[in-house]
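What follows is a set of notes on a single structure, which appears directly below.
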Amino acid sequence: MDPIRQDATLLLDRLLSGARQVIVVGHTHPDGDALGSVGAMTAYLAEKRGLTVRGIFPDTPPETLRFLCREDFLYADAQREASLRFIGGSDLVILQDCNNFTRTEALAESLRASLATKILIDHHLNPDRDAFRLVFSTPDVSSASELLYWILLDLPDVAGDARNLPADCLASLMAGMTTDTNNFANSVFPSTLQMAGGLLAAGVDRDGILDQLYHNYRENRVRGMGYFQNEALHITGQGVAYMIATRSVIERFDLREGETEGLVNVPLSIGKVRLSLFLKEDKGFFRVSIRSKRGTSAQQLAVRYFHGGGHENASGGRLFFPEDIPSPEEAAAYIEQVSSAFLNE
Ligand code: 5GP
Ligand code: MN
């Protein structure tokens, strides 16, 4: 069940033992898995290994996920100098929940240039193996948090017993896995349920985590969701559902970062829908979320038409204007055209 190679964990143990200052890096627009897995690793390295460690992200997480943020996190958008200084002084870089440095955006250049030993812990396809000394990569787990759980259990000081991990570490792992599986709705493997059982047995307060994740939104989110499903949901004859959150709608409902999270999944509950896209307007581009049912590849659509990638049934990317479409108003026509071409292939 344990998806980790023993020799890889032994090398990880050796690299950690030789390290002094460590940086654990997550991707831009951090989600629950990025924050959870980075938080878990940071808690382990600080509390069990006594290392000087920081979790670093290119940008500040949304309010909705702030409960997963540790005091030792740095955000490059608000703390650029401190972030670059910490990278410069680190002898170990651990990248988690993304498969290359490109998704660390403003940090990518200094991370690539760093002479520190580099480790990757990720569950996406196509890892950039050449950029790392040690790679833990498998798409056959729910999340980076799950992969990290199995790695940590294999380390000598944890010795297969989750109770040897700090409480913060365990809670972060549970939160990261829960968000990436959409609370056990997708990407659930036998190892995922084993992990969940291990975390519960070790005392994690799962109900408390669920309250933070799913029962703590502002009213605006629910009202905005109602609008999108009523007024802004389009479904093509081929079963492609899409919703476009323009700036004016975002302002009308005062939707903050993170408050449209999960909306892209809703249309998949309709039998005839096989692909769902949610577009959110930003400066000069739309952020694109894509979900698909079995037999249709969200990942391929993201790679081919939205400069993105991700997992087979859950991917994302961007749609730029005026580069990809002349103006934001053309987004609907673009989606209809490329999804039709994609499904007719
Ligand atoms: P979400 O729709 O929740 O933002 O993202 C779903 C998944 O798509 C993420 O877990 C990530 O794997 C992938 N993803 C999202 N945005 C991008 C992007 O801009 N580039 C790439 N390569 N993958 C993305
Ligand atoms: Mn993930």
Side-chain angles (χ1 to χ4, degrees), residues 24-41 57-59 61-62 64-65 68 95-106 108 120-128 136-149 172-183 185-189 192 195 213 241-245 257-268 275-280 282 284-292 297-320 324:
V24 190
V25 192
H27 56 76
T28 178
H29 264 271
D31 58 7
D33 190 31
L35 291 163
S37 66
V38 169
M41 185 59 126
F57 296 88
D59 36 20
T64 50
L65 292 173
L68 287 170
L95 180 68
Q96 297 186 172
D97 196 35
C98 64
N99 56 11
N100 62 52
F101 283 121
T102 307
R103 291 202 73 215
T104 67
E105 298 206 327
L120 178 69
I121 298 178
D122 183 44
H123 67 126
H124 293 88
L125 299 167
N126 310 320
D128 180 10
F136 295 89
S137 167
T138 170
D140 298 328
V141 290
S142 60
S143 52
S145 297
E146 181 189 331
L147 181 55
L148 179 60
Y149 172 81
S172 296
L173 293 172
M174 180 68 101
M177 178 274 287
T178 300
T179 54
D180 255 26
T181 61
N182 219 338
N183 200 9
N186 55 259
S187 332
V188 173
F189 294 78
T192 313
M195 170 211 191
L213 283 174
Y242 64 90
M243 293 179 262
I244 301 174
E257 197 58 47
E259 290 187 334
T260 53
E261 188 67 37
L263 187 52
V264 66
N265 297 305
V266 175
L268 288 184
L275 256 178
S276 172
L277 292 90
F278 182 76
L279 273 71
K280 192 167 174 208
D282 208 317
F285 64 93
F286 285 97
R287 203 168 299 132
V288 183
S289 282
I290 308 173
R291 300 292 183 270
S292 64
S297 177
Q299 199 239 358
Q300 281 303 310
L301 187 71
V303 169
R304 284 194 227 168
Y305 296 108
F306 296 100
H307 313 280
H311 310 281
E312 180 63 11
N313 299 119
S315 284
R318 289 179 182 192
L319 181 63
F320 296 92
D324 299 320

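All values below were derived from every heavy atom in this structure, side-chain atoms included, with hydrogens, water molecules and symmetry-related copies excluded. Whatever order the structure lists ligands and atoms in, that order sets their numbers, starting from 1. The first residue of the sequence shown is numbered 1, and numbering continues consecutively from there.
Rounding to the nearest 0.5 angstrom, the gap separating the CZ atom in Phe306 from the CD1 atom in Ile290 is 5.0 Å. With rounding to the nearest 0.5 angstrom, the CD1 atom of Ile121 is 8.0 Å from the OG atom of Ser37.
Checking Ser137 against Asp122 by side-chain atom types alone, no donor-acceptor pair falls below 3.5 Å. Using modelled atom types and a 3.5 Å distance limit, the side chains of His123 and Asp180 yield a donor-acceptor pair. Between the side chains of Ser145 and Asp33, at least one donor N or O lies within less than 3.5 Å of an accepting N or O.
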Assess whether side-chain hydrogen bond (donor to acceptor under 3.5 Å, both in side chains) is satisfied between Asp59 and Thr28, documenting all intermediate values. CA-CA 6 Å; Asp59 36 20; Thr28 178; 3.1 Å; yes
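Among all heavy-atom pairs drawn from Arg318 and Asp324, the shortest one is O-OD2, 4.4 Å.
Atoms of the protein (N, O or S only) found under 2.8 Å from the Mn ion (ligand 2) are Asp33 OD2, Asp97 OD1, His123 NE2, Asp180 OD2.
Ion pairing between Arg287 and Glu257 holds under the 4.0 Å rule for side-chain N and carboxylate O.
Ring pair His311/His124 is parallel by interplanar angle, where below 30° counts as parallel and above 60° as perpendicular.
If you look at ligand 1, the protein residues with a non-hydrogen atom under 4.0 Å away are Arg103, His124, Ser289, Arg291, Gly308, Gly309, Gly310, His311, Ala314, Ser315, Gly316, Gly317.
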